[in-house]
Enquirer: 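Right, I'll just put the structure down here and ask away after.
Quantities reported herein were computed from a predicted structural model and do not represent experimental measurements. Quick note on labels: first sequence line is chain A, next is B, and so on, each numbered from 1.
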There are 2 protein chains.
Amino acid sequence: MNTADAAIETIHREMTAFARRARASAGRLHPELSLVSYTLLGHLEDVGGCRATDLAAHYALDKSTVSRQVSALERAGLVERRTDPQDQRVQVLHLTPAGMEILAQVTASRRVAFRERLAGWPEEDLRQFAGYLLRYNAAGGTRRVTAAAGD
Amino acid sequence: MNTADAAIETIHREMTAFARRARASAGRLHPELSLVSYTLLGHLEDVGGCRATDLAAHYALDKSTVSRQVSALERAGLVERRTDPQDQRVQVLHLTPAGMEILAQVTASRRVAFRERLAGWPEEDLRQFAGYLLRYNAAGGTRRVTAAAGD
DNA sequence: CTGTTCTGGTTGCATAGTACAACTAGTAGT
DNA sequence: ACTACTAGTTGTACTATGCAACCAGAACAG
């Protein structure tokens, strides 16, 4: 096995390990904002508003799932829907001030944990690692959910 | 927020996105073996047999959850329980030949999916990405189901 | 021994998250 | 106008999960 294959093996194993831990501990840290909700809010903040369909594509979720999640977030007053004047079907989602507030709180408390975990990493490595993850997820992310998605 | 914090945010978000997709596509690709079941089988193979309680501790799952998962795996003929003669309460779990077979199949197909997804990455990037993931997962240790784990 | 406490495991119940399919409504192409 | 497509919602079913109550065996104190 060459070096590239070995690296792929490692990526496979480590990503899977992470996935299983994420699964095991999901939702325990911030009961007030589930993992799903948090990531959806985070994405909204990142891109500054997008459609439900975009969220579904990014997280490889069914549109019905996103629809329900968004409904819950709206009921909680964390996001608002603005119908796109250009296309009546589309509801552009935006964080509300309350949504930004909660997102900031959870982010702050969680950053402590992540800082600890990533303590000692040179900033350059952090940036590069983030870049790789973006690239990996983008490879199949916004488009069709193909075999390799997260597996 | 400085660039290191921004990178940490991105790392968390993208790792989470990955975890979510992993779970979704694992279910679609291998309906016969969920991500959880897969990791449980993998662990059994790794350690060569252990108790349900050990699995629960290792993955920070409730013992009831493990109990049910193991029941399903047993019904599917992938694991077998051997009552410990030293302690009648204990059921030592072992992979059956069928379990090993399926585990090998799923592992192989996941590896293929990974290769496809990472096709076109320069070898140097693969190497570095793998290194970052190792470092990240190692930071939390095999066990330490606290904050940073996956959430 | 006997009673109490501990431990491994199962089961009843409630909940979250999810997919799929059927549906509504709005848009675009011919 | 007719058709095909797209965004989103709702009905339904299923899985994974945790918690609490429980059972059975083990360990230990007297």
Side-chain angles (χ1 to χ4, degrees), chain A residues 19-40 49-76 79-93 143-145 149-150, chain B residues 16-17 19-40 49-76 79 81-93 145 149-151:
Chain A
R20 127 199 132 214
R21 275 189 230 156
R23 184 66 186 139
S25 65
R28 269 178 234 178
L29 189 52
H30 302 289
E32 76 278 11
L33 195 62
S34 80
L35 177 66
V36 191
S37 301
Y38 177 80
T39 56
L40 294 185
C50 69
R51 305 172 306 165
T53 294
D54 299 330
L55 292 177
H58 189 78
Y59 293 107
L61 291 169
D62 191 80
K63 58 183 181 169
S64 67
T65 300
V66 173
S67 171
R68 282 181 244 263
Q69 292 289 336
V70 168
S71 292
L73 289 173
E74 190 191 28
R75 265 198 307 282
V79 305
E80 63 178 8
R81 306 156 130 124
R82 300 181 197 157
T83 302
D84 183 347
Q86 252 64 53
D87 185 339
Q88 301 294 113
R89 295 169 303 179
V90 171
Q91 301 170 352
V92 183
L93 306 170
R143 302 182 41 93
R144 167 91 182 94
V145 182
Chain B
T16 302
R20 303 183 47 69
R21 287 211 285 253
R23 189 169 160 278
S25 64
R28 281 195 276 275
L29 270 182
H30 306 285
E32 77 282 7
L33 199 59
S34 76
L35 181 64
V36 178
S37 299
Y38 173 72
T39 57
L40 293 185
C50 68
R51 305 172 306 164
T53 294
D54 298 332
L55 292 177
H58 193 81
Y59 294 112
L61 292 169
D62 192 80
K63 58 183 181 169
S64 66
T65 300
V66 173
S67 171
R68 281 182 248 262
Q69 291 288 337
V70 168
S71 292
L73 289 173
E74 189 191 29
R75 267 197 307 280
V79 305
R81 306 156 129 124
R82 302 182 197 156
T83 302
D84 183 347
Q86 252 65 53
D87 185 338
Q88 301 292 111
R89 296 170 301 179
V90 171
Q91 301 169 352
V92 183
L93 306 170
V145 189
D151 186 19

Enquirer: Atom CG of A:Leu73 and atom P of D:dT9: how far apart are they, to the nearest Å?
Expert: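 The distance from CG of A:Leu73 to P of D:dT9 comes to 12 Å, rounded to the nearest Å.
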
Enquirer: Please confirm whether the shortest side-chain N or O distance from A:Gln88 to OP1 or OP2 of D:dT6 is below 4.0 Å.
Expert: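 So the side chain of A:Gln88 is outside the cut-off, no N or O lying under 4.0 Å from OP1 or OP2 of D:dT6.
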
Enquirer: To the nearest 0.5 Å, what is the distance between CG on A:Leu93 and CG on A:Leu55?
Expert: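 A:Leu93 atom CG to A:Leu55 atom CG measures 6.0 Å (nearest 0.5 Å).
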
Enquirer: Within the pair A:Thr65 and C:dG17, is there a side-chain N or O less than 4.0 Å away from OP1 or OP2?
Expert: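 The answer is no; no side-chain N or O of A:Thr65 sits under 4.0 Å from OP1 or OP2.
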
Enquirer: Tell me whether the side-chain N/O atoms of A:Ser64 come closer than 4.0 Å to OP1 or OP2 in C:dC20.
Expert: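 Checking A:Ser64 against C:dC20: no side-chain N or O falls below 4.0 Å of OP1 or OP2.
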
Enquirer: Strictly below 4.0 Å: does B:Ser67 bring a side-chain N or O up to OP1 or OP2 of C:dG8?
Expert: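 No, B:Ser67 has no side-chain N/O under 4.0 Å of OP1/OP2 on C:dG8.
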
Enquirer: Picking from D:dT12, C:dG12, C:dG26, which would you name as closest to the side chain of A:Arg89?
Expert: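 It is C:dG26.
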
Enquirer: Expressed in angstrom and rounded to an integer, what is the separation of B:Leu55 atom CG from C:dG8 atom P?
Expert: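 Value for this atom pair: 13 Å.
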
Enquirer: Please give, in whole Å, the distance from D:dA7 P to A:Leu61 CG?
Expert: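 About 16 Å, once rounded to whole Å.
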
Enquirer: Any heavy-atom pair between the side chains of B:Val66 and B:Tyr59 that's under 4.5 Å?
Expert: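 No, every pair of side-chain atoms sits at 4.5 Å or beyond.
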
Enquirer: Compare the minimum distances between each of C:dG17, D:dG8, C:dG9 and the side chain of A:Thr53, then state the nucleotide with the smallest one.
Expert: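 Of the options given, the side chain of A:Thr53 lies nearest D:dG8.
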
Enquirer: Look at A:Gln91 and D:dT9 and indicate whether a side-chain polar atom (N or O) is within less than 4.0 Å of OP1 or OP2.
Expert: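 Yes.
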
Enquirer: Would you say that A:Val70 contacts A:Arg81 through its side chain, given a criterion of any heavy-atom pair below 4.5 Å between the two side chains?
Expert: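 A:Val70 vs A:Arg81: side chains touch.
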
Enquirer: In whole Å, I'd like the distance from the CG atom of A:Asp84 to the P atom of D:dT6.
Expert: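 Nearest whole value for this atom pair: 17 Å.
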
Enquirer: Between B:Gln69 and B:Ser37, is there a side-chain donor-acceptor contact under 3.5 Å, judged purely by atom types and distance?
Expert: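 A donor-acceptor contact under 3.5 Å links the two side chains.
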
Enquirer: If I take atom CD in residue B:Gln86 and atom C1' in nucleotide D:dG25, what distance separates them, rounded to the nearest angstrom?
Expert: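 Rounded to the whole Å, the gap is 14 Å.
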
Enquirer: Once you round it to whole Å, what is the distance between C1' of C:dA16 and OH of A:Tyr38?
Expert: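 Between C1' of C:dA16 and OH of A:Tyr38: 20 Å.
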
Enquirer: Return the 5'-most residue of the pair A:Val90, A:Asp62 with respect to DNA chain D, ranking by each residue's nearest nucleotide.
Expert: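 Upstream on the strand: A:Val90.
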
Enquirer: Provide, to the nearest angstrom, the distance between the CZ atom belonging to A:Arg68 and the P atom belonging to C:dA21.
Expert: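 It works out to 14 Å between those atoms.
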
Enquirer: Out of curiosity, A:Arg82 CZ to A:Gln91 CD, how far, rounded to the nearest 0.5 Å?
Expert: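 Result: 12.5 Å between the selected atoms.
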
Enquirer: So, is A:Arg81 close to the D:dT9 phosphate, meaning a side-chain N or O under 4.0 Å from OP1 or OP2?
Expert: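 So the side chain of A:Arg81 is within the cut-off, an N or O lying under 4.0 Å from OP1 or OP2 of D:dT9.
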
Enquirer: Would you say B:Arg51 reaches C:dG8's phosphate, i.e. side-chain N/O to OP1/OP2 under 4.0 Å?
Expert: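 Answer is yes, contact under 4.0 Å.
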
Enquirer: Which residue lies toward the 5' end of DNA chain C, A:Ser37 or B:Lys63, if each is placed at its nearest nucleotide?
Expert: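 Its nucleotide being nearer the 5' end, the pick is B:Lys63.
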
Enquirer: Take the protein atom CZ of B:Arg82 and the nucleotide atom P of C:dG9, then report the distance between them rounded to whole Å.
Expert: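 The answer, rounded to whole Å, is 15 Å.
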
Enquirer: Does a side-chain N or O from B:Gln69 land closer than 4.0 Å to OP1 or OP2 of D:dA16, or not?
Expert: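 So the side chain of B:Gln69 is within the cut-off, an N or O lying under 4.0 Å from OP1 or OP2 of D:dA16.
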
